[in-house]
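Before any comments, here is the structure.
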Amino acid sequence: MPDTERDPRPLRVAVVGAGPAGIYAADALAGQDDVPVAVDLIDRLPTPFGLVRHGIAPDHAKMRALRDTLHHTLDHERVRFVGNVEIGRDLGLDELRRHVDAVVYTYGAAGDRRLGIEGEDLPGSLAATDVVSWYCGHPDADRALVEEAVGRARHVVVIGVGNVALDVGRVLARSPDELLLTDMPQHVLDSLAAAPVEQVTVLGRRGPAQATFTTQELRELDHLADAVVLVDPADLELDPAAEEAAAADRVIARNLATLRGWAGHTPAPGRVGIRLRFHARPVRLVGTDRVTGVEVERTVVDAAGTATGTGEFDVVPADLVVRSVGYRGHPLPGLPVDGRSGTVPNEAGRVLRDGAPSTGEYTAGWIKRGPTGVVGTNKHDARETVAALLADAAAGTLRPGGDVDDLVDTLVARGVEPVLLSNWRAIDAAETALGATRGRARTTLHDRASLLAAARAAAAAVQA
Ligand code: NAP
């Protein structure tokens with residue numbers, strides 16, 4: 001650790017991933033007074049906020065407003081946002097480590113989990129990550145893939161009963177007027193307005209007591225302008241184990257009460273039916289050239305929560321299938337990721353290589369613990385990691401990074417175009433201005449070229 005009496009050089013830390021976990025880690029570092037720090041908050045996108053920008057559903061305006069709180073950290077004098085830089089491509093992990101004393105990996109879990117069933121890759125079968133990236137305007141979203149499928153989507157089946165499944169089902173069932181209030185890119189609004197959606201079926205392979213969605217998100221389904229929620233009362237009959245689970249867990253009890261309140265609903269002509277179906281395990285996606293349905297097997301769930309097939313099968317018609325069965329993390333070149341969990345092996349945030357803590361390497365967020373919890377969960381998680389980092393710094397076990405060039409100078413010298421805070425502010429202003437042209441608060445810029453053009457406007461303004 002630098003001796004601040006003789007050596008004013010701050011502890012240099014690179015945080016890889018400027019989503020909530022990375023920003024909370026930067027905040028915990030910048031907000032302490034024991035050690036002077038200089039944090040580079042790096043993201044491969046030209047924009048900060050990770051899943052707050054490209055994951056939280058655009059119709060959840062209050063939750064998305066969290067970016068205003070997160071922005072305080074970007075504004076902190078000890079933190080430098082360095083966007084549009086991909087570690088492992090623009091700068092190797094080893095090179096990065098030579099620039100800093102410690103690295104914190106907070107790049108999340110962007111991949112989708114697979115179902116492992118026949119027909120999974122048929123045209124018309126999309127991962128939730130594809131759909132969410134598209135409607136949030138992620139620069140890497142595959143527009144052609146999603147828009148082709150959404151354009152044909154009369155009957156949608158969403159597989160999984162977590163909050164992401166509800167987000168996707170809800171967005172697809174929303175009316176154009178409701179979506180106008182969001183910051184979705186214009187092409188997404190146009191595509192959803194033209195989509196012929198009549199029915200959205202959300203499939204849980206286990207019972208309603210085992211669903212992972214939360215009550216607020218569930219209740220929201222019943223407040224859509226042009227949709228009606230449908231539940232089969234037979235799906236809500238509980239066995240004694242499920243009754244016990246409901247008695248012991250308030251979320252389960254509230255979810256069940258909400259679902260029971262909808263058991264009398266009937267389809268309404270002209271309104272999208274959102275059907276929540278439980279005890280239905282997908283066994284195959286049906287179709288030859290493209291998906292036409294999902295074959296499901298009815299299940300029973302035992303006291304341990306394990307589903308077993310009953311041998312009763314039926315096919316739910318589908319023009320679009322969205323597989324919303326969880327996310328998983330990918331390795332960075334040079335960083336180990338456990339193949340089963342999709343997380344970086346770690347002990348309280350200290351990265352483990354070959355089972356032993358690796359000097360100067362830390363992790364936080366979904367890539368540390370897996371894709372669970374709400375945004376705020378990352379705050380506690382990042383603090384745990386930063387506490388480990390600062391303890392190692394205090395104990396003198398960090399190997400100081402060499403006195404090489406400044407990270408940004410190194411990147412610029414090799415032709416990379418880092419997006420710094422002023423550039424991000426210019427992007428932010430460009431999105432607000434674009435929104436205003438159609439009476440909206442903001443329209444998300446969704447492609448790298450537009451984002452970088454807006455970022456360059458900041459540089460041009462400084463030079464002028
Ligand atoms: P999740 O809550 O883990 O849900 C995954 C769902 O997929 C579960 O219903 C799971 O069922 C099902 N599933 C897994 N494998 C399956 C298979 N082979 N066949 C059929 N179903 C399968 O994950 P998520 O919805 O992706 O959400 C990730 C995290 O983000 C969660 O913590 C979530 O709460 C959070 N989030 C929060 C919000 C919000 O607060 N509004 C919004 C979005 C996301 P089993 O339980 O049977 O495995």
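As the structure lists them, so they are numbered: ligands from 1, and atoms in each ligand from 1. Every heavy atom of this structure was used, including side-chain atoms; hydrogens, water molecules and symmetry mates were not.
Applying the 4.0 Å criterion to heavy atoms of Thr372 picks out, from ligand 1, the atoms 32 (O). The contact set between ligand 1 and Tyr327, taken as ligand atoms under 4.0 Å from a residue heavy atom, comprises 26 (O). For ligand 1, the atoms lying closer than 4.0 Å to a non-hydrogen atom of Gly162 are 2 (O), 4 (O), 9 (O), 25 (O).
Looking from atom 29 (C) of ligand 1 to the surrounding protein, the closest heavy atom is Pro371 O, 3.5 Å. In terms of protein heavy-atom proximity, atom 30 (O) of ligand 1 is nearest to Trp366 CZ2, 3.6 Å. Scanning all protein heavy atoms for the shortest distance to atom 23 (O) of ligand 1 gives Gly326 CA, 4.3 Å. Of all protein heavy atoms, the one lying nearest to atom 19 (N) of ligand 1 is Leu115 CD2, 3.5 Å. The protein heavy-atom contact nearest to atom 35 (C) of ligand 1 is Gly373 O, 3.6 Å. Taking atom 26 (O) of ligand 1 as the reference point, the nearest protein heavy-atom neighbour is Val164 CG2, 3.4 Å. For atom 34 (O) of ligand 1, the closest heavy atom belonging to the protein is Asn163 ND2, 3.0 Å. Among all protein heavy atoms, the one lying closest to atom 7 (O) of ligand 1 is Val325 CA, 3.2 Å.
Of the protein's heavy atoms, none falls inside 4.0 Å of atom 10 (C) of ligand 1.
Atom CG of Asp354 is surrounded by 12 or fewer heavy atoms from other residues, nucleotides or ligands within 6.0 Å.
When Arg277, Arg281, Arg298 are each tested for a salt bridge (Lys or Arg N to Asp or Glu O under 4.0 Å) with Asp314, only one passes: Arg277.
Taking a cutoff of 4.0 Å between a charged side-chain nitrogen and a carboxylate oxygen, Arg328 and Asp338 do not qualify as a salt bridge. Note on Asp428 versus Arg442: salt bridge recorded, some NZ/NE/NH1/NH2 to OD/OE distance being below 4.0 Å. Look at Arg284 and Glu295 and you find a salt bridge, because one of the NZ, NE, NH1 or NH2 atoms lies within 4.0 Å of a carboxylate O, short of that distance. Ion pair Glu148/Arg290 flagged as a salt bridge, since at least one NZ, NE, NH1 or NH2 atom sits closer than 4.0 Å to an Asp/Glu carboxylate oxygen.
Distance OG1/Thr106 to CD1/Ile42: 9.5 Å, rounded to 0.5 Å. Atom NE2 of His138 is separated from atom CG of Leu45 by 4.5 Å, given to the nearest 0.5 angstrom.
Contacts with ligand 1 closer than 4.0 Å are made by no heavy atom of Leu203, backbone or side chain. Counting heavy atoms closer than 4.0 Å to ligand 1, residue Phe213 contributes nothing at all. Counting heavy atoms under 4.0 Å from ligand 1, residue Met63 touches it through the side chain alone.
When atom types are taken as modelled, the side chain of Arg53 and the backbone of Thr47 share no donor-acceptor pair closer than 3.5 angstrom.
Ring centroid separation for the pair Trp366 and Tyr327 comes in under the 6.0 Å cut-off.
Across the listed options Asp167, Thr212, Val202, Ile117, Thr212 owns the non-hydrogen atom lying nearest to atom 2 (O) of ligand 1. The option with the heavy atom closest to atom 39 (C) of ligand 1, from among Arg206, Arg281, Glu217, Gln210, is Glu217. The closest non-hydrogen atom to atom 17 (C) of ligand 1, taken over Arg205, Glu220, Arg323, comes from Arg205.
For Ile159, no nitrogen or oxygen atom sits less than 3.5 Å from a nitrogen or oxygen atom of ligand 1, counting backbone and side chain alike.
With hydrogens and angles left out, the side-chain atoms of Ser125 and Arg323 include a donor and acceptor closer than 3.5 Å.
Considering all non-hydrogen atoms of both residues, Val146 and Asp130 come closest at CG2-O, 3.7 Å.
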